[in-house]
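All values below were derived from every heavy atom in this structure, side-chain atoms included, with hydrogens, water molecules and symmetry-related copies excluded.
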Amino acid sequence: MLGRGALFLSDLHVDLQPAGWRLVSRPGHDERRGRDLLDRDLDALEEVAVDYVGPLKLQVAGPWTLAASLELTRGDKALADPGAVRDIADALADGVAAHVADVRKRVPGARVLVAFDEPMLPGVVAGHIPTASGFSVLPRPEGWFAEQRLSAVLRGVGAPAGVHCCAPDPPIALARRAGAAFVSFDFALAYDEDDVGEAVEAGLGLIAGLVSTAPPVNAGTRSTVQRGRPLLSEVRRTVEPVLSLWRRLGLAAEQLREVAVSPTCGLAGVSPDAALGAFRRCREAGALLAEGEL
């Protein structure tokens, strides 16, 4: 995620060091290889989706996660330098905007959305990010600065953009104030219910991470499929965290139709069959929410 995300930093360069990705003055082997892999992925996308019409979500590491992870030339995290944080946010907005334009050319029927992965943002705003030595922590940014830099990226990519966070205490309120079009998080982890309610009432989209990609403990001992479709009881169990939240907050049932369902977190570690199964369950769960009934 970090290596690919860093490829979108316009006019900034990175190299892979033993301690992780580092900002450097000129492109090296790792960056060139990363760009080659990205071009191959875009060619593959164009081949299979050239006639596709509909929403297409792109996923990119967010500015604060990059700032908390990339090292400066002198060795500390970029988060330690507000100037570096500004440069990363500006470069990311420019680079992702160019990426969005490229995808639109390759898939003309796509309505592109951009989700910025920010698993490090809760730690950034809480002041929990360790220094390079590990003996201290980096100062947390001022609230206005955290919001400003995130907003600059969200508003600068030329497409509806939101924030995905698969860590506890996702920054829902911060994302809303920064102008996110949607928020996405794992419903199995801790989150502020009031922040979710305010986001929904403010018109933000909600992508609810409800479908676990972890294999069940008793995998293969009981079927949850009937005539190629998950049993209704299983689908109802999947969406129950959202329905319970709606009832507790007194939100309108009609607003359930604006909720999308996703896996709890990434699919990189699962097999193609497991990924396909997860997406099938997401579609079934999303269809149930779209009925707008509590």
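Looking at heavy atoms from C-beta onward, P141 lies in side-chain contact with W64 at the 4.5 angstrom threshold. Inter-residue side-chain proximity for R111 and L56 is flagged as unmet; no heavy-atom pair is nearer than 4.5 Å. Side chains of C282 and R280 form no contact here, defined as non-hydrogen atoms less than 4.5 Å apart. The shortest side-chain heavy-atom distance between I207 and V183 does not fall under the 4.5 Å cut-off. Contact of the I129 side chain with the M120 side chain is registered, since non-hydrogen atoms from C-beta on lie closer than 4.5 Å. Using a 4.5 Å heavy-atom threshold, the side chains of L256 and L294 count as touching. Under the 4.5 Å side-chain criterion, counting only non-hydrogen atoms from C-beta, L288 is not in contact with E293. Residues R281 and P263 are not in side-chain contact: their nearest non-hydrogen atoms beyond the backbone lie 4.5 Å or more apart.
Distance CZ/R4 to CG/L37: 6.5 Å, rounded to 0.5 Å. Expressed to the nearest 0.5 Å, how far CG of L79 lies from CZ of R140 amounts to 12.5 Å. In this structure, CG in D87 is found 10.0 Å from CG in L9, a value given to the nearest 0.5 Å. Between the OG1 atom of T65 and the CG atom of L2 there is a distance of 7.5 Å, given to the nearest 0.5 Å. Expressed to the nearest 0.5 Å, how far CG of L249 lies from CD of E193 amounts to 5.5 Å. For the atom pair R237 CZ and L243 CG, the distance stands at 13.0 Å (nearest 0.5 Å).
When every heavy atom of A175 is checked against every heavy atom of V163, the shortest pair comes out as CB-CG2, 3.9 Å. Between G95 and S10 the shortest heavy-atom distance is N-CB, 4.0 Å. Annotation for V153 and A89: closest pair CG2-O, 3.4 Å, computed over non-hydrogen atoms. Nearest heavy atoms, V85 versus A67: CG2-CB, 4.1 Å. Taking both residues in full, the closest heavy atoms of I172 and A199 are given as CG2-CB, 4.0 Å, listed atom of the first, atom of the second, then distance. What you find for S69 and K77 is that their closest heavy atoms are O-NZ, 3.5 Å.
Classification of R35 and D39 as a salt-bridged pair fails, no side-chain N sitting under 4.0 Å from a carboxylate O. A salt bridge does not link R176 to D195: none of the charged side-chain nitrogens sits closer than 4.0 Å to a carboxylate oxygen. A salt bridge links R247 with E240; the closest basic N to acidic carboxylate O contact falls under 4.0 Å. Using a 4.0 Å cut-off between charged side-chain N and carboxylate O, D36 and R32 make no salt bridge.
For CD of E142, the number of neighbouring non-hydrogen atoms (other residues, nucleotides, ligands) closer than 6.0 Å is 12 at most.
Remark: side-chain polar atoms of R257 are paired, donor with acceptor, to backbone N or O of A290 under 3.5 angstrom. For the pair Q255 (side chain) and A252 (backbone), a donor-acceptor distance under 3.5 Å is present.
Hydrophobic clustering (side-chain heavy atoms under 4.5 Å, transitive across Ile, Leu, Val, Met, Phe, Trp, Tyr) groups L70 together with F145. Tracing side-chain contacts under 4.5 Å through hydrophobic residues (I, L, V, M, F, W, Y), one reaches V60 starting from V103; they form part of the same cluster. In terms of hydrophobic clustering, with Ile, Leu, Val, Met, Phe, Trp and Tyr side chains grouped at heavy-atom distances under 4.5 Å, L42 and V48 are assigned to different clusters. Side-chain heavy atoms closer than 4.5 Å link hydrophobic residues (I, L, V, M, F, W, Y) into clusters, and following such links, possibly through other members, connects M1 to L12.
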Could you please spell out the steps behind the salt bridge (charged side-chain N to carboxylate O under 4.0 Å, His left out) verdict for R248 and D194?
-> CA-CA 10 Å; R248 289 194 298 273; D194 290 336; over 6 Å; no

Intermediate values then yes/no, side chain to side chain contact (heavy atoms under 4.5 Å, CB included), L204 and F182 | CA-CA 5 Å; L204 267 69; F182 59 88; 5.7 Å; no

Under the side chain to side chain contact (heavy atoms under 4.5 Å, CB included) criterion, do V211 and F279 qualify, and how do the steps go?
-> CA-CA 8 Å; V211 177; F279 278 121; over 6 Å; no

Just do the side chain to side chain contact (heavy atoms under 4.5 Å, CB included) check on V261 and L289 with the steps written out, would you?
-> CA-CA 9 Å; V261 177; L289 290 179; 3.7 Å; yes

Does the pair D81 and L72 meet the rule for a side chain to side chain contact (heavy atoms under 4.5 Å, CB included), with working shown?
-> CA-CA 9 Å; D81 183 345; L72 299 169; 4.0 Å; yes

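Aromatic ring orientation, H99 versus F8: tilted (interplanar angle from 30° to 60°).
Y191 meets the ring-ring contact (aromatic ring centres under 6.0 Å, His included) test with F185, F187; sequence neighbours excluded.
Applying the side chain to side chain donor-acceptor pair (under 3.5 Å) test to pairs two or more places apart or on separate chains, those with a residue in residues 152-162 are S151-R155.
Under the side-chain contact (heavy atoms from CB on, under 4.5 Å) rule, R149 has a single partner from L92, I88, D90, which is D90. Between F116 and the options V96, L150, L66, a side-chain contact (heavy atoms from CB on, under 4.5 Å) holds for only V96.
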List the atom pairs, with distances to 0.1 Å, where a side-chain N or O of residues 16-24 and a protein N or O form a donor-acceptor pair under 3.5 Å, not counting sequence neighbours.
residue, atom, partner, partner atom, Å
Q17, NE2, D15, OD2, 3.2
R22, NE, E71, OE1, 3.3
R22, NH2, E71, OE1, 2.9

